[in-house]
Amino acid sequence: MLIVLSPAKRLDFDSVPKTDKFSMPDFLEESEYLVGKLKKLSSRQIEKLMGVSADIAHLNEDRFKSWSLPFNEDNARPAVLAFKGDVYLGMQAEKFSKKDLNFAQKHLRILSGLYGLLRPLDLMQAYRLEMGTKFKVTSAKTNLYKFWDTKITLAIQETMEEMGSEDLINLASNEYFKSVKPKILNKNIITPIFKDEKNGEFKVIQFFAKKARGFMASFIIKNQIKNTEELKAFNVEGYSYNPRLSVGNDWVFTRENKN
């Protein structure tokens, strides 16, 4: 199986990486092209484009201006250790063993507005560019979905063909998974959905759901799960598979309120 995750806005480029292993992203030429466009934007334009504060806009203006190739261990960081949003706090890749990282490198991919598709150990430089950003790359490509077109999907398809896998585990957000074209991919897509009990009902609570995606990614990696049915045994942090609420390939995992 292959897992796909979203990236995160929050980054860590300060701590010392646990591993000295790394790989290079497959779409650096495309990334360089996008950064070339982004470098032309002022912080005020970035603020308006991304809907962020002036401070965050200034930070990302500086990031784009300092972004440069080639990547190396001094100016870049493995992606799975760079992202620090809720999903990654749940996954805790900084605690992965060498064996875990090797499995993750083969079975995990991170969708990205700037880098397209990242393996866990692919080096990246700091950035912020959400996939849903209405960034007019060219007159014909009016957003990042059109810019990436089928490249992300075909890269995932190629990886899955090499693995001999038919199952894609979608742990990404809707915004990012829209960059994958299911009809072209032609694989079995399973989407785990995490719900917490609130006022007597099971509901998706985004903060908890994001961390749960990380929990599941870690569960798959640490247990080296290759059989999709084994995901139904997921029992981390009180979540368990709920067959009553699951429909088709939307597999629901629920957690009861213990209070």
Side-chain angles (χ1 to χ4, degrees), residues 2 4-11 13 23-72 75-80 82-83 85 87 108-120 122-159 168 170-186 189:
L2 187 70
V4 289
L5 286 179
S6 303
K9 299 184 186 77
R10 200 181 323 153
L11 303 175
F13 276 77
S23 50
M24 289 295 173
D26 290 331
F27 296 116
L28 277 179
E29 185 176 331
E30 287 83 354
S31 303
E32 186 177 30
Y33 176 84
L34 287 172
V35 170
K37 295 285 185 180
L38 292 161
K39 283 183 175 181
K40 297 176 182 178
L41 302 180
S42 66
S43 62
R44 191 66 181 269
Q45 289 173 311
I46 292 172
E47 182 180 346
K48 184 178 179 180
L49 175 71
M50 298 185 180
V52 296
S53 68
D55 287 345
I56 292 175
H58 279 297
L59 171 63
N60 284 283
E61 180 185 29
D62 291 340
R63 284 172 171 173
F64 293 134
K65 286 181 177 177
S66 63
W67 195 100
S68 63
L69 296 175
F71 285 0
N72 56 55
N75 65 17
R77 185 179 178 92
V80 77
F83 294 120
V87 172
L108 174 66
R109 295 294 180 270
I110 302 168
L111 303 167
S112 168
L114 181 61
Y115 295 100
L117 196 66
L118 291 163
R119 288 165 295 202
D122 280 354
L123 292 181
M124 58 168 264
Q125 290 180 1
Y127 78 101
R128 179 164 176 164
L129 185 64
E130 294 174 59
M131 189 66 80
T133 302
K134 294 180 180 179
F135 179 43
K136 190 172 182 179
V137 185
T138 68
S139 58
K141 298 175 181 178
T142 54
N143 57 50
L144 291 169
Y145 297 113
K146 289 186 177 180
F147 174 78
W148 288 109
D149 195 23
T150 61
K151 289 181 179 179
I152 291 172
T153 303
L154 293 176
I156 291 172
Q157 185 183 60
E158 182 180 358
T159 297
L168 182 70
N170 172 25
L171 291 173
S173 66
N174 291 335
E175 174 188 354
Y176 279 90
F177 198 69
K178 279 174 63 179
S179 66
V180 179
K181 302 181 185 299
K183 288 184 180 180
I184 294 174
L185 183 63
N186 195 28
I189 300 172

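Computed from heavy atoms alone, side chains included, the values below leave out hydrogens, waters and symmetry copies.
- With a 4.5 Å cut-off on side-chain heavy atoms, Y115 and L28 count as touching.
- A distance of 13.0 Å separates CG in L38 from CZ in R128, rounded to the nearest 0.5 Å.
- Taking every heavy atom of both residues into account, V180 and I156 meet most closely at CG2-CD1, 3.8 Å.
- When atom types are taken as modelled, the side chain of R119 and the backbone of A79 share no donor-acceptor pair closer than 3.5 angstrom.
- Put simply, CG on D122 and OG on S23 are 3.5 Å apart, with the number rounded to the nearest 0.5 Å.
- Counting heavy atoms from C-beta on, the side chains of L123 and P78 come closer than 4.5 Å.
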Side-chain donor-acceptor distances from residues 144-152 under 3.5 Å, at least two apart:
residue : atom : partner : partner atom : Å
Y145    : OH   : E175    : O            : 2.5
W148    : NE1  : G113    : O            : 2.9
K151    : NZ   : E30     : OE2          : 2.9

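- Side-chain contact between N143 and K134 is absent, with no heavy atoms from C-beta onward closer than 4.5 Å.
- Residues passing the side-chain contact (heavy atoms from CB on, under 4.5 Å) test with N72, sequence neighbours excluded: D74, N75.
- The two residues A126 and F13 make their nearest non-hydrogen contact at N-CZ, 3.5 Å.
- We find the CZ-CD1 distance between F177 and I189 to be 4.0 Å, quoted to the nearest 0.5 Å.
- Note that NE2 of H58 and OG of S42 are 9.0 Å apart. Values are rounded to the nearest 0.5 Å.
- Counting heavy atoms from C-beta on, the side chains of L11 and R63 come closer than 4.5 Å.
- One N or O on the side chain of T153 and one on the backbone of K181 form a donor-acceptor pair closer than 3.5 Å.
- Between the CG atom of L117 and the CG atom of L154 there is a distance of 11.0 Å, given to the nearest 0.5 Å.
- Taking 4.5 Å as the limit, every side-chain heavy atom of K178 sits out of range of all side-chain heavy atoms of M131.
- Within 6.0 Å of NZ on K39 lie more than 12 heavy atoms contributed by other residues, nucleotides or ligands.
- Side-chain atoms of Q157 come within 3.5 Å of backbone atoms of I184 as a donor-acceptor pair (strictly under, hydrogens ignored).
- Closest approach of A155 and F27 over heavy atoms only: CB-CZ, 4.0 Å.
- With a 4.5 Å cut-off on side-chain heavy atoms, E130 and K9 count as touching.
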Chi angles and distances behind the side-chain contact (heavy atoms from CB on, under 4.5 Å) call for T138, Y33 | CA-CA 11 Å; T138 68; Y33 176 84; 3.3 Å; yes

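- Within the 3.5 Å criterion, the main-chain N or O of F71 finds no donor-acceptor partner in the side chain of Q125.
- Looking only at atom types and distance, the side chain of S112 has a donor-acceptor partner in the side chain of Y127 under 3.5 Å away.
- The minimum heavy-atom distance linking L41 with E61 is given by the pair O-OE2, 4.1 Å.
- Residues S6 and S173 come closest through the heavy atom pair OG-N, 2.8 Å.
- To the nearest 0.5 Å, atoms CD1 (I56) and OG (S43) are separated by 12.5 Å.
- Residues satisfying the side-chain contact (heavy atoms from CB on, under 4.5 Å) criterion with S139, sequence neighbours excluded, are absent altogether.
- Between the side chain of Y176 and the main chain of P7, no donor-acceptor pair closer than 3.5 Å is present.
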